[in-house]
Asker: 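Supplied in structure tokens, the structure appears directly below.
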Amino acid sequence: QVQLVESGGGLVQAGGSLRLSCAASGGTFSNYAMGWFRQAPGKERGFISAISKSGGNTYYTDSVKGRFTISRDNAKNTVYLQMNSLKPEDTAVYYCAARFALGSGSAFSKSSDYNYWGQGTQVTVSS
């Protein structure tokens, strides 16, 4: 059983930056592909970014390309989401997710692909 704990959320002005972290425990982190999702009030949870277990492959939804960067440190059992040039529409609860992956290059963009979820961290971007 994998436990995920997000941190790093907060209130930031438009144009600012935040770095989210997701610490994993309870499993061999390097066996898991990771993803970041977000959910704004009244909206469904949506995909932001994913990274393969090796870190060699990354994917982003179009709205964050060029602004957000996903990375992982398998030695620290942590995945990160660096968020730059934040916009008010980025305001949401951000969740990290994990799933066991056989392929080193596999990454997943559907929430249904993931087995484990963190509790979420709030990101609020003021205009």
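Atom set for the values below is all heavy atoms of this structure, side chains included, hydrogens, waters and symmetry mates excluded.
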Asker: Scan residues 106-116 for pairs that pass side chain to side chain donor-acceptor pair (under 3.5 Å), counting only residues two or more places apart or in two chains.
Answerer: none

Asker: Looking at every heavy atom in both Ala92 and Ala40, which two are closest together, and how far apart are they?
Answerer: CB-N, 3.8 Å

Asker: Answer whether the closest heavy-atom distance between the side chains of Thr91 and Val123 falls below 4.5 Å.
Answerer: no

Asker: Which heavy atom in Ser104 sits nearest to a heavy atom in Ser54, and how many Å separate them?
Answerer: O-OG, 3.0 Å

Asker: Which donor-acceptor pairs under 3.5 Å do side chains of residues 58-66 form with protein atoms, sequence neighbours excluded?
Answerer:
from, atom 1, to, atom 2, distance (Å)
Tyr60, OH, Ile70, N, 2.9
Asp62, OD1, Lys65, NZ, 3.0

Asker: Indicate the atoms forming the closest heavy-atom contact of Val5 with Gln119, along with that distance.
Answerer: CA-OE1, 3.7 Å

Asker: List the residues meeting side chain to side chain contact (heavy atoms under 4.5 Å, CB included) with Ser7, not counting sequence neighbours, and say none if there are none.
Answerer: Ser21

Asker: Side-chain heavy atoms nearer than 4.5 Å, only ILVMFWY residues, links allowed to pass through others: does that put Leu86 and Ile48 together?
Answerer: yes

Asker: Report the residues that fulfil side chain to side chain contact (heavy atoms under 4.5 Å, CB included) with Val93, sequence neighbours left out, ordered by chain and then residue number.
Answerer: Tyr95, Gln122

Asker: Taking all atoms of both residues into account, what is the closest heavy-atom pair of Gly27 and Val2, and its distance?
Answerer: CA-CG2, 4.3 Å

Asker: For residues Gln13 and Val125, determine if any side-chain heavy atom of one lies less than 4.5 Å from a side-chain heavy atom of the other.
Answerer: no

Asker: Determine whether Tyr32 and Phe37 fall in the same hydrophobic cluster, where Ile, Leu, Val, Met, Phe, Trp and Tyr are linked whenever their side-chain heavy atoms lie under 4.5 Å apart.
Answerer: no

Asker: So, taking the atom named CD in Glu44 and the one named CD in Gln39, what distance separates them when rounded to the nearest 0.5 Å?
Answerer: 8.0 Å

Asker: Find the distance between OH (Tyr94) and OG1 (Thr121) and round it off to the nearest 0.5 Å.
Answerer: 10.5 Å

Asker: Output every pair passing side chain to side chain donor-acceptor pair (under 3.5 Å) with a member in residues 70-90, not counting sequence neighbours, ordered by first then second residue.
Answerer: Ser17-Asn84, Arg38-Asp90, Arg67-Asp90, Arg72-Asn74, Gln82-Asn84

Asker: Minimum heavy-atom separation for Pro88 to Ala14, with atom names?
Answerer: CD-CB, 4.1 Å

Asker: Mind checking whether Phe29 and Val79 have side chains closer than 4.5 Å, heavy atoms only?
Answerer: yes

Asker: Between Trp36 and Met83, is a side chain to side chain contact (heavy atoms under 4.5 Å, CB included) present by the stated rule, with each step listed?
Answerer: CA-CA 12 Å; Trp36 284 97; Met83 306 187 294; over 6 Å; no

Asker: Would you say Asn57 and Ile51 make side-chain contact, with heavy atoms under 4.5 Å?
Answerer: no

Asker: Got a sec, which pairs hit disulfide (SG to SG under 2.5 Å) with one end in residues 16-127, sequence neighbours left out?
Answerer: Cys22-Cys96

Asker: Taking C-beta and beyond as the side chain, do Lys53 and Phe100 meet within less than 4.5 Å on heavy atoms?
Answerer: no

